[in-house]
Number of protein chains: 2
Amino acid sequence: MAQSSDVNLLMTRSISPNDLLIRRLQSIHPVSNEEIRALRDLPLEIASLEPGHDIVRMGERPTQCCVVIEGFTCIYKLTSDGGRQIMAIHVPGDIPDIQSLHLGVMDFGLAPISSCTVGYIPHEKIQQVCDTYPRLGVALWRETLIDAAIYRDWMLNIGQREAFGRVAHLVCELMMRLKAVGLTEGSSFKFPVTQANLADAFGISSVHMSRVYGMLAKQGLLLVTRTHITVLDWDELQEAGDFDPTYLHLERNAPA
Amino acid sequence: MAQSSDVNLLMTRSISPNDLLIRRLQSIHPVSNEEIRALRDLPLEIASLEPGHDIVRMGERPTQCCVVIEGFTCIYKLTSDGGRQIMAIHVPGDIPDIQSLHLGVMDFGLAPISSCTVGYIPHEKIQQVCDTYPRLGVALWRETLIDAAIYRDWMLNIGQREAFGRVAHLVCELMMRLKAVGLTEGSSFKFPVTQANLADAFGISSVHMSRVYGMLAKQGLLLVTRTHITVLDWDELQEAGDFDPTYLHLERNAPA
DNA sequence: AGAGGCTCCCAACATACGTTAAGCTCGAGT
DNA sequence: ACTCGAGCTTAACGTATGTTGGGAGCCTCT
């Protein structure tokens, strides 16, 4: 499969971390060769992170943005009585806090939900690139708009579907987003995220999360391990999750 | 009160519909006098709408944006089995579909949830203003980022709080947003939205919506009629809704 | 003023999901 | 190979909320 060799390419360092960002932007907006060169020249300060240590904390005023290079991060907020809602999950190529470019104060926390590596880019560098190549500025704006579109879809998911459907829906979403950056391996993908974290993303308890995974497995839709998710029946899963990929605004929507 | 006379000013047509948009942008971003003039010159095609008729439908590709002038509109999505999730409520001054500027296909529906009047502005006119005054482009980008911040907060609300807290939270939010455009009347505001609509915004049934309103009234936090909401105890309401206005990113956050 | 239609309210009952608590499994480290 | 802890699973029981259905209040139109 082309996808799994892409993973290997990344491992062997023959594609640079910036290429994931480029791939992501290409998946939602046309990017010229000159713009690609500009993106490739962006300085990335690489860091390895483990769950439990925030990347940016609520209330901070960051002066840089973060690009996910490997692993998964999430956006979350807490209620005063200890509840945690995860409201976004990021895959490699995403810029989780791109909004900090124009919204000074962070109104959410950003944290790894698997061990992961990220790259930091100073705001001013991004600003410079946008000034020189206005179409890249539009691409980044578009990126933030798609983030919002995903928020909307999650709200539909959490507000109107039962837990079973919510999980099916998210798995479909992750499958498509990972495929867009070439990180699926056939009909499965690496996803070392605990059920407790997922529960917080669905607004359910971790006990119920376990129940639902069990039901999905029993019905032959999914096969889940601690590190991977395998889709056994894409059509049924899409049906169960009432999934329509329009909201991802990908240039070309191919099923897995 | 200054607020209620503002309402009268609007009635008597001594402020133009564009002024609400200007007021909204000023509440989140500095706007120069020259920029104000440019905004005032934007052509607005006015329309009166009733609930039940969509403003823009899912899947369409609008060539104009809509500004709310009076009343309330909402963004919604449907599940295949008939559920409806309202994921945003707009107050006068808001541009509900500003995202259509850079995201061709609508991935949600936009509809009035009270009788209301809106104004339409062609995309190209907005584009021109942004090209001439880049800071206005940034202000609009910022506007879309704040929309996203509100989505995030709603997700926390729906995913982690019980219905009682959800309702308290939203009332706090509406109070502050309406105050920012001068549309509160002391500690109350006009809000002719049915409980069935609100139920769809909270992800609960309309029966439960009624229960919760009853509880809020019984505890002396709120007084609700078909057309108005009056906050009886702002501090308690804020407490009950676990409300922190940071996410609204208003320039100055004054309590009601 | 009466009829019809929304909207809201209330009561009885059903259920998806939360909570608690107890084992179990797996992988990391010695 | 053994230990230990984090994560997962299962069961029993409690509750917030859904559903159904009936009735009361309140507009609007005739």
Side-chain angles (χ1 to χ4, degrees), chain A residues 50-53 72 79 81-86 112-115 157-169 190-219 222-229 240-242, chain B residues 50-53 72 79 81-86 112-115 157-169 190-219 222-229 240-242:
Chain A
E50 293 300 319
H53 305 280
F72 299 89
T79 60
D81 57 336
R84 181 178 71 144
Q85 178 65 37
I86 290 179
I113 48 172
S114 76
S115 57
N157 210 27
I158 295 170
Q160 298 297 322
R161 283 193 267 265
E162 303 195 336
F164 187 84
R166 292 182 210 174
V167 177
H169 190 96
K190 195 178 175 201
F191 195 64
V193 174
T194 67
Q195 293 188 9
N197 278 320
L198 284 173
D200 285 345
F202 294 126
I204 64 179
S205 67
S206 65
V207 171
H208 200 52
M209 184 65 225
S210 169
R211 282 199 274 250
V212 171
Y213 255 166
M215 292 163 72
L216 281 159
K218 179 137 59 176
Q219 300 204 0
L222 235 53
L223 199 149
V224 178
T225 72
R226 265 155 222 249
T227 56
H228 288 261
I229 293 182
D242 189 21
Chain B
E50 293 300 320
H53 305 280
F72 299 89
T79 60
D81 57 337
R84 180 178 71 143
Q85 178 66 36
I86 289 180
I113 48 171
S114 76
S115 57
N157 210 28
I158 295 170
Q160 299 297 323
R161 283 194 268 265
E162 304 196 335
F164 188 84
R166 291 181 211 175
V167 178
H169 189 96
K190 195 177 174 201
F191 195 65
V193 174
T194 67
Q195 294 188 10
N197 278 320
L198 284 173
D200 285 346
F202 294 125
I204 63 179
S205 68
S206 64
V207 172
H208 200 51
M209 183 66 225
S210 170
R211 282 199 274 250
V212 171
Y213 255 167
M215 293 164 72
L216 282 158
K218 180 138 58 176
Q219 299 201 199
L222 235 52
L223 200 148
V224 178
T225 71
R226 266 156 221 247
T227 56
H228 288 260
I229 293 181
D242 189 21

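Since we're looking at a predicted model, the values are computed, not measured. We name chains A, B, ... by the order of the sequence lines, and we start the count at 1 in each one.
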Provide a list of protein-nucleic acid N or O atom pairs under 3.5 angstrom, restricted to nucleotides 5-8 of chain C.
| residue | atom | partner | partner atom | Å |
| --- | --- | --- | --- | --- |
| dC8(C) | OP1 | Gln195(B) | N | 3.4 |
| dC8(C) | OP2 | Gln195(B) | N | 2.8 |

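Of the listed nucleotides (dT19(D), dT17(D), dG18(C)), dG18(C) has the atom at the smallest distance from the side chain of His208(A). Taking only side-chain atoms of Val207(B), from C-beta outward, the nucleotide of dT20(D), dC17(C), dA16(D) with the closest atom is dT20(D).
At a threshold of 4.5 Å between non-hydrogen side-chain atoms, the residues Met215(B) and Val167(B) do not count as touching. You'll find the side chain of Phe191(A) reaches within 4.5 Å of the side chain of Leu198(A), heavy atoms only. The shortest side-chain heavy-atom distance between Met209(B) and Asp200(B) does not fall under the 4.5 Å cut-off.
Between the side chain of Arg166(A) and the main chain of Arg161(A), a donor-acceptor pair closer than 3.5 Å is present.
Between Glu50(B) atom CD and dT28(D) atom C1' there is a gap of 14 Å when expressed in whole angstrom units. Rounded to a whole Å, the CE atom of Met209(B) is 14 Å from the C1' atom of dT17(D). Atom CG of Asp200(A) and atom P of dG18(C) are 11 Å apart (whole Å). Spacing between atom CZ of Phe202(B) and atom P of dG18(D) amounts to 12 Å, rounded to whole angstrom units. Look at NZ on Lys218(A): it is 12 Å from C1' on dT10(D), rounded to the nearest Å. In this structure, Gln160(B) atom CD and dT17(D) atom P are separated by 13 Å, rounded to whole Å. Rounded to an integer number of Å, the gap from CD of Glu162(A) to C1' of dT19(D) is 13 Å. Whole-Å rounding puts the Arg166(B) CZ to dA16(D) C1' distance at 10 Å.
Just one of Leu216(B), Leu222(B), Val193(B) meets the side chain to side chain contact (heavy atoms under 4.5 Å, CB included) condition when paired with Ile229(B); it is Leu222(B). For the side chain to side chain contact (heavy atoms under 4.5 Å, CB included) with Pro192(A), the lone residue among Pro51(A), Ser114(A), Ser115(A) that qualifies is Ser114(A).
Residue Gly203(A) is in sugar-phosphate contact alone, with no base atom involved, counting any heavy-atom pair closer than 4.0 Å across all strands shown.
The nearest heavy atom of DNA chain C to Ser206(B) and to Arg211(B) marks one nucleotide each, and the one closer to the 5' end goes with Ser206(B).
Each salt bridge (charged side-chain N to carboxylate O under 4.0 Å, His left out) pair with one or both residues in residues 206-217 of chain A, not counting sequence neighbours, would appear here, but there are none.
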